[in-house]
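Model, not experiment: these values are computed from the prediction. Just follow the structure's listing: the first ligand is 1, and inside any ligand the first atom is 1.
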Amino acid sequence: MNQDFEPAILAFVCNWCTYTAADLAGTSRMTQQPNVRLVRMMCTGMVDPKYVIKSLLSGADGVLISGCHPGDCHYQNGNYKARRRVRLLNEILSQFGIDRRRVRLTWVGASEGQEFAATVNNFINDLRELGPLDSRGLAAL
Ligand code: FES
């Protein structure tokens with residue numbers, strides 16, 4: 001593991017659950033590493049796979065997508081769509097030599113600030129193990 005490497009993470013988070021949890025983690029002064037930039041979406045179902053690919057091509061070492069728990073989506077089935085898309089996206093990315101651990105889908109509810117902080121910290125640690133992303137293979141996509 002490269003302890004000097006600071007991975008850059010882009011996180012697409014659902015407004016209703018994970019964004020609120022991230023806010024709660026901040027207001028509760030929970031400790032998390034500063035490597036993540038949040039993009040607030042109304043629902044994980046709105047995360048187009050192109051956004052993920054563009055993020056990886058633009059310097060992100062990993063992408064987190066996080067929203068409401070299954071059954072709790074405010075748009076009924078957006079998170080199920082996200083789950084199907086991430087599965088397919090990971091199949092495609094692995095064809096281009098991108099480790100599937102670089103794109104992570106999680107469910108973090110609005111009251112789970114601690115879970116959000118732990119999710120981010122675990123993702124950062126996993127990305128440190130993987131090292132910087134070489135996205136040259138992706139450029140052909
Ligand atoms: S509204 Fe949160 S995942 Fe759909």
Verify the neighbour count for atom CZ of Arg100: are there more than 12 heavy atoms of other residues, nucleotides or ligands below 6.0 Å?
yes
Please indicate whether Tyr75 has more than 12 foreign heavy atoms, meaning atoms of other residues, nucleotides or ligands, lying under 6.0 Å from its OH.
yes
Trp16 versus Thr20, closest heavy-atom pair with distance
O-OG1, 3.5 Å
Hey, which protein N/O/S atoms does atom 2 (Fe) of ligand 1 have under 2.8 Å?
Cys14 SG, Cys68 SG
Nearest 0.5 Å, please: how far is CG in Asn90 from CG in Asp99?
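If I round to the nearest 0.5 Å, the distance is 9.0 Å.
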If you measure only the distance, is there a donor-acceptor pair under 3.5 Å linking the side chains of Thr119 and Thr106?
no
My understanding is that a hydrophobic cluster links ILVMFWY residues whose side chain heavy atoms are under 4.5 Å apart, including indirect links. Using that, what else belongs to the cluster containing Leu38?
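Traced through the cluster, Leu38 reaches Ile9, Val13, Tyr19, Val36, Leu64, Val108, Phe116, Val120, Phe123, Ile124, Leu127, Leu130.
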